Amino acid sequence: MNTNRKNAIWAGIFYIIATVAPILTFPFIGFLGGGVAGEPIPDYLVNVSLNESQVIIGMLIEWIYVLAVVGIIATLLPILKKHNEALALGFSGLRFIEAVCAIVGSISLLTLLTLSQELAIAGAPGDSNFQTVGTAVLAIRDWAFMIGSGLVWSLSALIFNYILYQSKLIPRWLSIWGLVGAALSFATYLPQFFSINLTEFLFLPIAVQEMVFAVWLIVRGFNPSAIASLSAKTELNEIK
């Protein structure tokens, strides 16, 4: 099995992990509420320290997500840059920003845990100062998600599927699906910065497409003829 085939398989696995991991956090930290577009569940700050193990597990799952994103970069960049190095670096850079935002979110989660523990020690669950700080920390976490896993991720998906469409590394119907889905995802998140909340169903096309894409990479891999063409192009550029 050559390097490109191995990279395709691992990239597919990392895509599945990066999609499934955030979903798995809901049973553990879902009590934090509805994010930027929603209100926190009442008494969430008290419940953080009461569910310390759940919070830590949720944080660890988020780090698995971060590692999966890094894995996606490591496995795809060597292939994509043979076709369009500038766009490949742009895609990788955006996904790196996504990973950094996820790290900020997980650090905010641990900060909430510490704040909740201090609140329990103070024995003042209704203290407005604790609530104010908790709201600010939760907002940092939510906005980090909106920027990293929302706008930045949507832009990276647009660039990525454009590269795939041009290079024919996968069937064009699949990359077109990804382009449309990424555009819809971007159109879902951007208005939320202006307090305009559209239906979340606009996110579904790209979510399904990424799972189909991941399975395709694992089962079929990238188009061998496209890979050969990219390799020949790279060799020609090196000769020049």
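Nothing here was measured: the structure is a model prediction, and the numbers come from that model.
Under the 4.5 Å side-chain heavy-atom criterion for ILVMFWY residues, no single connected hydrophobic cluster contains both Y15 and I23. L158 is connected to L184 through a chain of hydrophobic side-chain contacts under 4.5 Å among Ile, Leu, Val, Met, Phe, Trp and Tyr, so both are in one cluster. Under a hydrophobic-cluster definition in which Ile, Leu, Val, Met, Phe, Trp and Tyr are linked whenever side-chain heavy atoms come within less than 4.5 Å, directly or via other members, V215 and W10 are assigned to different clusters. Residues I72 and L77 are members of separate hydrophobic clusters, defined by side-chain heavy-atom contacts under 4.5 angstrom among Ile, Leu, Val, Met, Phe, Trp and Tyr. Note: the hydrophobic cluster containing V70 does not contain F145 (ILVMFWY, side chain heavy atoms under 4.5 Å, direct or indirect links).
Between the side chain of N47 and the backbone N or O of L50, no donor-acceptor pair lies under 3.5 Å. With hydrogens and angles ignored, the 3.5 Å screen pairs a side-chain donor or acceptor of N7 with a backbone N or O of T75. A donor-acceptor contact shorter than 3.5 Å links the side chain of R172 to the backbone of Y165. No donor-acceptor pair closer than 3.5 Å links the side chain of W153 to the backbone N or O of R95. Proximity of a side-chain donor or acceptor of N2 to a complementary backbone N or O of R5 within less than 3.5 Å is detected. Without hydrogens or angle criteria, S116 side chain to L45 main chain gives a donor-acceptor distance under 3.5 Å. A donor-acceptor pair is defined here as one N or O able to donate and one able to accept, closer than 3.5 Å; such a pair exists between the side chain of Q209 and the backbone of L174. Checking side-chain atoms of S185 against main-chain N and O of G181 turns up no donor-acceptor pair under 3.5 Å. Listed for the S49 side chain is no donor-acceptor partner under 3.5 Å among the backbone atoms of Q117. In this structure, the side chain of S92 engages the main chain of A88 through a donor-acceptor pair within 3.5 Å.
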*Kindly indicate, with the supporting measurements, whether the criterion side-chain contact (heavy atoms from CB on, under 4.5 Å) is fulfilled by I218 and I16.*
CA-CA 10 Å; I218 294 171; I16 292 174; 3.9 Å; yes
*asked:* Determine whether L76 and F160 satisfy the following criterion, side-chain contact (heavy atoms from CB on, under 4.5 Å), listing intermediate values before the conclusion.
replied: CA-CA 10 Å; L76 291 181; F160 179 52; 3.6 Å; yes
_Steps toward side-chain contact (heavy atoms from CB on, under 4.5 Å) verdict (L32, L112)_ = CA-CA 10 Å; L32 290 177; L112 281 174; 4.2 Å; yes
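When all heavy atoms of A144 and C101 are compared, the pair lying nearest together is O-CB, 3.4 Å. Nearest heavy atoms, L169 versus L80: CD1-CD2, 4.1 Å. For the residue pair S156 and F91, the shortest heavy atom distance occurs at O-CD1, 3.3 Å. Closest approach of A18 and Y65 over heavy atoms only: O-CD1, 3.3 Å. Residue I17 comes nearest to A68 through the heavy atom pair CG2-CB, 3.7 Å, listed as atom of the first residue, atom of the second, then distance. Contact record, V55 with I29: CA-CG2, 3.9 Å, taken as the closest heavy-atom pair.
Residues F193 and W143 place their aromatic rings such that the two centres sit under 6.0 Å apart. For an aromatic pair to be called close, the ring centres must be under 6.0 Å apart, and Y44 with F31 fails this.
Between W216 and W173, the ring-plane angle classifies as perpendicular under the 30° and 60° cut-offs. Ring geometry for F222 versus F213: interplanar angle of 30 to 60°, hence tilted.
Within the 4.5 Å cutoff, the side chain of L110 has heavy atoms near those of the M59 side chain. Residues I9 and I13 form a side-chain contact, since some pair of their non-hydrogen atoms from C-beta on lies under 4.5 Å apart. Within the 4.5 Å cutoff, the side chain of V212 has heavy atoms near those of the W177 side chain. The shortest distance between side-chain heavy atoms of M211 and V208 does not fall below 4.5 Å.
Atoms CD1 and NZ, on I163 and K81 in that order, are 13.0 Å from each other to the nearest 0.5 Å. If you take CE on M146 and CG on L190, they are separated by 8.5 Å, rounding to the nearest 0.5 Å. How far CG of L109 is from CZ of R141: 4.5 Å, rounded to the nearest 0.5 Å. Taking OG1 of T25 as the start and CD1 of I64 as the end, the distance is 11.0 Å to the nearest 0.5 Å. In this structure, CD1 on I73 lies 8.0 Å from CD on E98, to the nearest 0.5 angstrom. Atom CG of L87 sits about 6.5 Å away from atom CD1 of I159, to the nearest 0.5 Å.
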